[in-house]
Amino acid sequence: MKKVFPVIILIVAAAGAYMYWQNQNKKQDENTGSFKIYGTIDIRDTVLAFTEQERIETVLVEEGMRVKKGQVLAKLRTTKLDAAIKALQARIAAQQETVAKLEAGTRSQEIDQARSEVQAARARVENVSRNVKRLKATSRSGATSIQNYDDAKAQLKVERAQLSASRKALDLLIEGPRKEDIAAARHQFDALVADLAQLQVRLSDMTLTAPADGTIQSRILEQGELAGPSKPAFVLALSDPKWVRAYIPEPMLGKINIGMTARIFTDTLPDQPLDGWVGFISPVAEFTPRAVATEDLRTQLVYETRVFVKDPEDILRLGTPVTVSVNENQSLARPAD
């Protein structure tokens, strides 16, 4: 009995000290115009996948690695796409030459050549015409056959037709390419350039980069595996935004408002609080615990509250328990991003 009595005294003393400490903290909070709520850290994550379907060539990050926005995480094989781009670039170069040729018009040498062909055709017509006249005279006297005369007349028609074609070809060369042909060639060139731009976008999509700062939470696909839009490659835990998910009882609703500043304390670094602000108060009440709906517990209503945290050093982790000291006397007109 004598041994138990000192233990009881120590327990009572400890309980009294704890109650005194709680009372002092409560008084301090009342004097500073602040109150405390408790919760855990929530972090958003995003699932990353390639938009192209191809084998993975290399993976550059590991699980738990911190990455920056725009950092390369993995790459796909680009052999087939590189070949398609080279082939299309060659077609674009050829079409560009075609457009330049049409825009430059007909060369003087080509016009001179066409004129020479017209002169040659005219000379053949004159020669055949004279031959027809001779055969006509001799056929009447019987010196030549009528068949030779008919053949000469047919040949004259052919030569005249060729002369007409040569003249029209010369006129076309002098006039130059049609505006419609030049426009069609330009449009075809533009279509090839657009196809190349699309292939270049696909080539850039063969490289997967981080959309924001964060930490690689899961590395799902490995080198050599087939990636695609429906196959997640990584899960990235975002560094920002972070917030405290807390629940406040109904009697405290009148004390807290959106925009109030706050300080967030962790057990790991209790002397290095982080700044934050109240960013969300649920308009819908919840029961605690939710699964129980007895008459005694139905009156214990709570409201979800989110206190956003500025964590530039990326100290906080998902699920970290924290204490939030909300300042009733200071609010942000516009919460910082």
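Side chains included, hydrogens not; waters and symmetry mates left out as well; all remaining heavy atoms used.
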Novice: Would a distance-only check, ignoring hydrogens and angles, find a side-chain to backbone donor-acceptor pair under 3.5 Å from N327 to T261?
Specialist: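 Not at all, since once roles are kept as given, no pair shorter than 3.5 Å links the two residues.
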
Novice: Kindly indicate whether the side chain of V59, heavy atoms from C-beta on, has any atom under 4.5 Å from the side chain of R219.
Specialist: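 Yes - at least one pair of side-chain heavy atoms lies under 4.5 Å apart.
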
Novice: Minimum heavy-atom separation for P232 to A49, with atom names?
Specialist: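 Scanning both residues, the minimum pair turns out to be CA-CB, 4.0 Å.
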
Novice: Could you walk me through whether S218 and F234 pass side chain to side chain contact (heavy atoms under 4.5 Å, CB included), step by step?
Specialist: CA-CA 5 Å; S218 299; F234 301 95; over 6 Å; no

Novice: Hey, does L88 have a side-chain heavy atom less than 4.5 Å from the side chain of L199?
Specialist: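 Side chain of L199 against side chain of L88, heavy atoms only: contact under 4.5 Å found.
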
Novice: Parallel under 30°, tilted from 30 to 60°, perpendicular over 60°: which one fits the rings of W277 and F308?
Specialist: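 Plane angle under 30°, so parallel.
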
Novice: What's the spacing between R186 CZ and D181 CG if we round to 0.5 Å?
Specialist: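 Between R186 CZ and D181 CG, I get 12.0 Å after rounding to 0.5 Å.
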
Novice: Please check if L60 and L76 belong to a single hydrophobic cluster, counting links between Ile, Leu, Val, Met, Phe, Trp and Tyr side chain heavy atoms closer than 4.5 Å.
Specialist: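 No, it is not one cluster - the side chains of L60 and L76 are not joined through contacts under 4.5 Å.
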
Novice: Does a sphere of radius 6.0 Å around NZ in K255 hold more than 12 heavy atoms from other residues, nucleotides or ligands, not counting ones at 6.0 Å or beyond?
Specialist: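 Yes, enclosed.
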
Novice: Could you check whether atom CZ of R317 has more than 12 heavy atoms from other residues, nucleotides or ligands sitting under 6.0 Å from it?
Specialist: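 Yes.
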
Novice: Run the salt-bridge test on D275 and K310 with the 4.0 Å N-O cut-off and return the result as yes or no.
Specialist: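 Result for this pair is no, no salt bridge flagged.
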
Novice: Assigning hydrophobic clusters by single linkage (Ile, Leu, Val, Met, Phe, Trp, Tyr; side-chain heavy-atom cutoff under 4.5 Å), is L192 placed with I182?
Specialist: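 In one cluster with L192: I182, no.
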
Novice: In the structure I gave you, are the side-chain heavy atoms of L269 and L274 within less than 4.5 Å of one another anywhere?
Specialist: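 Heavy-atom side-chain distance check fails, nothing below 4.5 Å.
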
Novice: Using the side chain to side chain contact (heavy atoms under 4.5 Å, CB included) rule, take Q53 and L226 through it: C-alpha gap first, then chi angles, then the decisive distance, then the call.
Specialist: CA-CA 7 Å; Q53 184 171 338; L226 183 64; 3.6 Å; yes

Novice: A side-chain contact here means heavy atoms from C-beta on lying under 4.5 Å apart; do P273 and F265 qualify?
Specialist: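 P273 reaches F265 side chain to side chain.
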
Novice: If hydrophobic clusters are built by linking Ile, Leu, Val, Met, Phe, Trp and Tyr wherever their side-chain heavy atoms come under 4.5 Å apart, do I92 and L102 end up in the same one?
Specialist: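 I92 does not cluster with L102.
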
Novice: Between E52 and R202, is the closest basic N to carboxylate O distance under 4.0 Å?
Specialist: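 Salt bridge: yes.
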
Novice: Please tell me if the side chains of R44 and P241 come closer than 4.5 Å, counting only heavy atoms from C-beta onward.
Specialist: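 A side-chain contact exists here, since the closest heavy-atom pair is under 4.5 Å.
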
Novice: If the threshold is 4.0 Å, N to carboxylate O, is there a salt bridge linking K242 and D314?
Specialist: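 The answer is yes: the pair qualifies as a salt bridge.
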
Novice: Can you measure from CG (L81) to NZ (K86) and round to the nearest 0.5 angstrom?
Specialist: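 L81 CG to K86 NZ: 11.5 Å, rounded to 0.5 Å.
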
Novice: I'd like to check Q89 versus L196 (side-chain heavy atoms, cut-off strictly below 4.5 Å). Are they in contact?
Specialist: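 Of all side-chain heavy-atom pairs linking L196 with Q89, at least one is under 4.5 Å.
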
Novice: Is any side-chain heavy atom of I256 closer than 4.5 Å to one of F35?
Specialist: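 When only atoms from C-beta onward are counted, I256 and F35 do touch, with a gap below 4.5 Å.
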
Novice: Which atom pair, heavy atoms only, marks the closest approach of I41 to L318?
Specialist: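 The pair with the smallest heavy-atom distance is O-CD1, 3.6 Å.
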
Novice: Taking all non-hydrogen atoms of both residues, which atom of I56 and which atom of A227 are closest, and how far apart?
Specialist: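 The pair with the smallest heavy-atom distance is CG1-CB, 3.9 Å.
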
Novice: How far apart are the closest heavy atoms of R124 and Q162, and which atoms are they?
Specialist: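 Scanning both residues, the minimum pair turns out to be NH2-OE1, 3.8 Å.
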
Novice: Does any N or O in the side chain of Q217 come within less than 3.5 Å of the main-chain N or O of V235, such that one atom is a donor and the other an acceptor?
Specialist: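 Looks like no, no N/O pair under 3.5 Å.
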
Novice: Please check if atom CD in Q198 has more than 12 non-hydrogen atoms from other residues, nucleotides or ligands closer than 6.0 Å.
Specialist: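 Open.
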
Novice: Please round to the nearest 0.5 Å and tell me the distance separating atom CD of Q95 and atom CG of D190.
Specialist: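 With rounding to 0.5 Å, CD (Q95) is 9.5 Å from CG (D190).
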
Novice: Could you tell me whether R306 and E304 have a side-chain N and a carboxylate O separated by less than 4.0 Å?
Specialist: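 Judged by the 4.0 Å cut-off on N to carboxylate O distance, R306 and E304 do form a salt bridge.
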
Novice: Is the count of non-hydrogen atoms from other residues, nucleotides or ligands lying under 6.0 Å from E313 atom CD greater than 12?
Specialist: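 Atom CD in E313 is not crowded, with 12 or fewer foreign heavy atoms closer than 6.0 Å.
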
Novice: Would you say V67 ends up clustered with V72 if hydrophobic residues are merged whenever their side chains have heavy atoms under 4.5 Å apart, either directly or through other cluster members?
Specialist: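 No: no chain of side-chain contacts under 4.5 Å links V72 to V67.
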
Novice: Decide side chain to side chain contact (heavy atoms under 4.5 Å, CB included) for V322 and V324; before the verdict, give the C-alpha distance in whole Å, the side-chain angles of both, and the deciding distance to 0.1 Å.
Specialist: CA-CA 6 Å; V322 295; V324 181; 4.3 Å; yes

Novice: Say you draw a straight line from OG1 of T323 to CD1 of I37; how long is it, rounded to the nearest 0.5 Å?
Specialist: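 Going from OG1 on T323 over to CD1 on I37, the span is 10.0 Å.
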
Novice: Taking the side chain as everything from C-beta on, heavy atoms only, tell me whether L208 gets closer than 4.5 Å to K75.
Specialist: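 Not in contact.
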
Novice: So, taking the atom named CG in L236 and the one named OG1 in T46, what distance separates them when rounded to the nearest 0.5 Å?
Specialist: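 Here the rounded value is 6.5 Å.
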
Novice: Minimum heavy-atom separation for Y38 and A246, please, with both atom names.
Specialist: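 Scanning both residues, the minimum pair turns out to be O-CB, 3.3 Å.
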
Novice: Before giving the answer on side chain to side chain contact (heavy atoms under 4.5 Å, CB included), spell out for I248 and L253 the whole-Å C-alpha distance, their side-chain angles and the decisive distance to 0.1 Å.
Specialist: CA-CA 7 Å; I248 59 173; L253 271 182; 3.9 Å; yes

Novice: Taking a hydrophobic cluster as the set of Ile, Leu, Val, Met, Phe, Trp and Tyr residues connected by side-chain heavy atoms closer than 4.5 Å, whether directly or through intermediates, do M206 and V61 fall within one such cluster?
Specialist: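 Yes.
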
Novice: Tell me if a side-chain donor or acceptor on T98 pairs with a main-chain N or O of A94 at a distance below 3.5 Å.
Specialist: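 It does hold such a pair.
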
Novice: Would you give the length of the straight line joining atom CG of N257 to atom CD1 of I281, rounded to the nearest 0.5 angstrom?
Specialist: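 Separation between the atoms: 6.0 Å.
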
Novice: Search all heavy atoms of V99 against all heavy atoms of A185 and return the closest pair with its distance.
Specialist: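 Taking every non-hydrogen atom into account, CG2-O, 3.5 Å.
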
